[in-house]
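Read the structure below first, then the notes.
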Amino acid sequence: MTKPTTVRDGGTEAPPNDFIREIVRQHLAEGRCSQVHTRFPPEPNGYLHIGHAKSICLNFGIAREFGGICNLRMDDTNPTKEDVEYVKAICEDVRWLIAGWADHCLGLKPRGRTPQSQIVNGTTDYHLGPVVGQTDGDTLEPFFASDYFEQLYEFAVRLIRKGKAYVCDLSPEETDQYRGAPDRPGRESPWRNRSVEENLDLFQRMRAGEFPDGARTLRAKIDMASPNVWMRDPVLYRIRHAEHHHTGRAWCIYPTYDFAHCLSDYIEGITHSICTLEFEVHRPLYDWILENLDLPRPLPRQYEFARLNLSYTVMSKRKLLQLVREGHVRGWDDPRLPTLRGLRRRGVTPEAVRNFAYRIGITKYDGLTDMAVLEHAIRDDLNRRALRRLAVLRPLRLVITNYPEDQVEELPALNNPEDPHAGTRLIPFSRVLYIEQDDFMESPPPKFYRLQPGGEVRLKYAYIVRCDEVVKDENGWLLELRCTADLESKAGGRNAHRKVKSTIHWVSARHAVPAECRLYDRLFNVPEPDLLEDWRDALNPNSLEIVQAWCEPALARACPDERYQFERLGYFVLDADSSADRLVFNRTITLKDAWVKERQKLGS
RNA sequence: UGCCCGAUGGUGUAACGGUAGCACAGCAGACUCUGGAUCUGUUUGUCAUGGUUCGAAUCCAUGUCGGGCAGCCA
């Protein structure tokens, strides 16, 4: 039985502590902010994966633990890379992951709403607050950085007026050259000292579409000699005559990440802007932009943590895309992928993902988390909830010679030994059965205690049988096993408590239901595929094996929301490819198998 | 060779100047009508060198190693 669970909340374990939560706790205690407000800001240019889950669990976790809100925001400032397809998918995946756990702190906004303006001390301020805890998906939508383009433009104009930004005519190549190198200062652009009026005029004409892509940029005027290259007059706006998935053709200039992100945070009233380590060097710029705009409300602060690296997989959008495009997997929701859709289709529950995210912690150390930790979280979760069923993946016929030809018994079986309320069901038993090929060996090694010639095993919930005869065809292939049952060994019988070394699973051949089972394994053979010259060389050619299995009749009524443990084999979930007359199961993960290890020790 | 960040068992993390703990993995055992689950035990660690201190994983200095940064990507 499972150990008594500690504090559980929405199916998720008690939250951990980490340096970011400590900062939040302190800020709240000091009254620096009255309510914590975080955000999860993916760029809609790809599907969410387990690494995003770490960020989602952090941002929504903090919101719910401290009575705050977490906005879902599309960080969509680059029209050439983004698409509504991704917006839709991201929303679905986030909802799936936080359902029943943090929906009440999910910050959305009424569809189409843009920031409201308000005059504070003579200048215009922009704010867009969230709507929280509503499930109406039709009238609400996520936040979009692109909804702030008008306000962002206004902020840029303000910077120009203050002499803190200028229009630069350098080409992209020239801009690169002028930037210098990390160990060498840059040179000032010849356009750096244009008048405010000229800058205003040019910027307005950039917006009006007078110049082609790349002809000019708007740049912050900071310090070309800064040791931090991001402070060397970074580009704030670039010209892109491209259609945007959310704003259409309304704009031909687009703000860069650095300009848009801090201000989006500000507009939404974000208090703690949490991102990954690579943005650490951007923080001075994040602060510079906000501080040079004389904004009336409290400024958001950026904090960085280490992104997730997981062994035996790849996480970069580029590589995931490549796996899909090159056909190494069957799509974005392929159960072998670390995408949230992949994990979902594989049968992993949101609770398992959240518990995993909680257990790995939050630090600034860029490490590598063992896939075994994720796998453990999945087993831990599924062990608790999965209904036990009997199914045989690779059948071997077993005939019980002393069992009447026509007899059928309905044997009671526990649905879940971990859950007394899960009840029982009946399994039909008859003279001809299928057992797992792996559960029989004609000449077994020492520690094999499954069925062997002359040996005995218990058939789960049924009788103890002895193998009398091994029947083969002319080529020596195993055809069937002929056994005799101890007819007194069934539950309630005289020999019910006889001990045998092993209990194996089985199905009655006559009653068995066929099913396709997709057996997934790790996608890569090495812990760090990224280290290889070509990471694809490490692809596991056996990451998917398809077998035709035989299942106990109860599985004919399987439904997609249930999780099943095929006893002694692993956890399975019904796949979307199933239909009324065809069962397809995905193996989420195998059970831990001590025999596999024993066999490896024996050297085969 | 410029700037920023980091370093605690095999891996991921905790300890906030006072007994280095937890999880995963490993190993050994108990139990078991799942070689599952559960339970018990156990191997292995503070990057280095100085300094401050009664006392340092923790504070300071120097070094070593690792990561990040030179997109009009995010």
Side-chain angles (χ1 to χ4, degrees), chain A residues 1-3 16-18 22 41-43 45 75-78 80-82 168 170-172 175-177 179-186 213-214 216-219 226-232 234-240 254 256-258 260-261 275-284 304 306 311 317 359-370 372-377 379-380 383-384 388 390 413-414 417-418 447-450 457-462 464 489 491 496-505 527 565-570 590-598:
Chain A
M1 294 291 261
T2 320
K3 64 183 163 195
N17 198 17
D18 53 64
E22 258 168 38
E43 184 189 13
N45 71 343
D75 204 0
D76 56 351
T77 55
N78 185 349
T80 61
K81 294 194 171 176
E82 297 148 7
C168 178
L170 255 27
S171 71
T175 308
D176 280 350
Q177 288 160 8
R179 189 162 25 239
D183 57 347
R184 179 165 39 84
D213 287 5
R216 291 188 222 263
T217 57
L218 182 75
R219 292 228 254 163
S226 171
N228 180 342
V229 294
W230 289 102
M231 296 299 269
R232 319 240 265 227
V235 170
L236 266 23
Y237 267 90
R238 69 285 213 190
I239 301 172
R240 286 256 198 295
Y254 292 92
T256 56
Y257 163 83
D258 289 296
H261 204 92
C275 61
T276 46
L277 251 25
E278 67 269 27
F279 294 101
E280 215 162 10
V281 284
H282 293 241
R283 182 158 21 105
E304 308 87 13
S311 63
K317 283 179 183 171
R359 287 174 200 177
I360 57 176
I362 300 293
T363 63
K364 299 189 74 154
Y365 176 72
D366 183 28
L368 177 68
T369 296
D370 197 328
V373 179
L374 209 212
E375 293 173 340
H376 179 265
R379 288 193 181 101
D380 190 38
N383 175 51
R384 263 188 280 269
R388 312 295 133 124
L390 300 188
L414 249 32
E418 304 290 326
K447 287 185 175 166
F448 182 87
Y449 31 87
R450 275 114 89 147
V457 292
R458 174 174 290 280
L459 298 171
K460 181 87 182 176
Y461 294 123
I464 292 170
S489 64
H497 299 293
R498 257 183 70 201
K499 301 285 179 207
V500 286
K501 264 298 209 187
S502 177
T503 299
I504 66 173
H505 60 278
Q565 185 199 98
F566 292 1
E567 292 214 32
R568 304 206 307 133
L569 296 172
T590 61
L591 249 28
K592 283 208 297 192
D593 188 347
W595 170 240
V596 167
K597 256 182 225 158
E598 198 60 48

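Reminder, nothing fancy here: chain letters follow the sequence lines and each chain counts from 1. These figures come from a predicted structure and were not determined experimentally.
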Looking at [options], which one has an atom nearest to any side-chain atom of [X]?
X: A/Thr363; options: B/rA70, B/rG35, B/rA14; value: B/rA14
X: A/Pro182; options: B/rG35, B/rU11, B/rA70; value: B/rA70
X: A/Asp183; options: B/rU1, B/rG71, B/rU34; value: B/rU1
X: A/His376; options: B/rC24, B/rG12, B/rG36; value: B/rC24
X: A/Lys592; options: B/rC72, B/rG68, B/rG36; value: B/rG36
X: A/Asp176; options: B/rC72, B/rA25, B/rU34; value: B/rC72
X: A/Thr256; options: B/rG36, B/rG67, B/rA74; value: B/rA74
X: A/Asp18; options: B/rG35, B/rA70, B/rA14; value: B/rA14
X: A/Leu591; options: B/rG68, B/rG36, B/rA70; value: B/rG36
X: A/Glu278; options: B/rG12, B/rG68, B/rG35; value: B/rG68

Handout entry: Chi-angle category of B/rG6 [syn within 90° of 0, anti beyond]
Key =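 You should classify B/rG6 as anti.
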
Flag the pair [X] / [Y] as yes when at least one side-chain heavy-atom distance between them is below 4.5 Å, and no otherwise.
X: A/Thr590; Y: A/Arg379; value: yes
X: A/Asp258; Y: A/Pro234; value: no
X: A/Asn78; Y: A/Arg240; value: yes

Handout entry: Residue from A/Arg388, A/Gln565, A/Arg384 passing side chain to side chain contact (heavy atoms under 4.5 Å, CB included) with A/Glu418
Key =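 Of all the options given, the one that passes is A/Arg388.
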
Handout entry: Heavy-atom closest pair, residues A/Ala377 and A/Arg359
Key =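 Closest heavy-atom pair between A/Ala377 and A/Arg359: CA-NH1, 3.7 Å.
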
[atom1] atom, [N] versus [M]: distance in rounded Å?
N: B/rC59; M: B/rU53; atom1: C1'; result: 10 Å
N: B/rG26; M: B/rG21; atom1: P; result: 22 Å
N: B/rG18; M: B/rU13; atom1: P; result: 23 Å
N: B/rC22; M: B/rU40; atom1: P; result: 12 Å
N: B/rG17; M: B/rA57; atom1: C1'; result: 11 Å
N: B/rC60; M: B/rC65; atom1: P; result: 22 Å
N: B/rA28; M: B/rA37; atom1: P; result: 16 Å
N: B/rG51; M: B/rA25; atom1: C1'; result: 39 Å

Identify whether any heavy atom of [X] sits under 4.0 Å from a base atom; if not, whether one sits that close to sugar-phosphate; answer base, sugar-phosphate or nothing.
X: A/Arg379; result: nothing
X: A/Tyr365; result: sugar-phosphate
X: A/Phe448; result: base
X: A/Gln565; result: base
X: A/Tyr254; result: nothing
X: A/Asp370; result: sugar-phosphate
X: A/Glu280; result: sugar-phosphate
X: A/Arg458; result: base
X: A/Ala306; result: nothing
X: A/Ile504; result: nothing
X: A/Leu170; result: base
X: A/Gly214; result: base
X: A/His282; result: base
X: A/Ala372; result: sugar-phosphate

Exercise for the section: Verify the contact: side-chain N or O of A/Thr77 to OP1 or OP2 of B/rA74, cut-off strictly under 4.0 Å; return yes or no. Expected result: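 True: A/Thr77 side-chain N/O within range (under 4.0 Å) of B/rA74 OP1/OP2.
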
Handout entry: Lys/Arg N to Asp/Glu carboxylate O, A/Asp593 vs A/Lys597, below 4.0 Å
Key =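 Here A/Asp593 does not pair with A/Lys597 in a salt bridge, since their nearest N and O are not under 4.0 Å apart.
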
Problem - Presence of salt bridge, A/Glu43 and A/Lys81, under 4.0 angstrom - result: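 Salt bridge: no.
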
Handout entry: Base paired to B/rG66 (Watson-Crick or G-U; both N/O distances under 3.5 angstrom)
Key =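 Answer to the pairing question: B/rC5, which forms a Watson-Crick or G-U pair with B/rG66.
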
[X] [atom1] to [N] [atom2]: how many Å, rounded?
X: A/Tyr257; N: B/rC69; atom1: OH; atom2: C1'; answer: 14 Å
X: A/Tyr461; N: B/rC33; atom1: OH; atom2: P; answer: 12 Å
X: A/Lys460; N: B/rC33; atom1: NZ; atom2: C1'; answer: 5 Å
X: A/Glu304; N: B/rC69; atom1: CD; atom2: C1'; answer: 13 Å

Practice task
Check whether more than 12 heavy atoms from other residues, nucleotides or ligands sit under 6.0 Å from atom NZ of A/Lys317, and answer yes or no.
Solution key: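 Check passes, neighbour count above 12.
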
Problem - A/Lys364 atom NZ, neighbour heavy-atom count above 12 within 6.0 Å - result: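 Atom NZ in A/Lys364 is packed in, count exceeds 12.
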
Exercise for the section: Would you sort out whether A/Tyr449 and A/Trp595 count as a ring pair (Phe, Tyr, Trp, His ring centres under 6.0 Å), showing the intermediate values? Expected result: CA-CA 10 Å; A/Tyr449 31 87; A/Trp595 170 240; 7.5 Å; no

Short heteroatom pairs, N/O only, protein and nucleotides 27-32 of chain B, under 3.5 Å:
none

Practice task
Just say parallel, tilted or perpendicular for the rings of A/His282 and A/Tyr257, cut-offs at 30° and 60°.
Solution key: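 Because their plane-to-plane angle is over 60°, the rings of A/His282 and A/Tyr257 count as perpendicular.
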
Tell whether [X] reaches the base of [N] with its side chain through a donor-acceptor pair below 3.5 angstrom.
X: A/Arg450; N: B/rG35; value: yes
X: A/Glu418; N: B/rG36; value: yes
X: A/Arg359; N: B/rU13; value: no

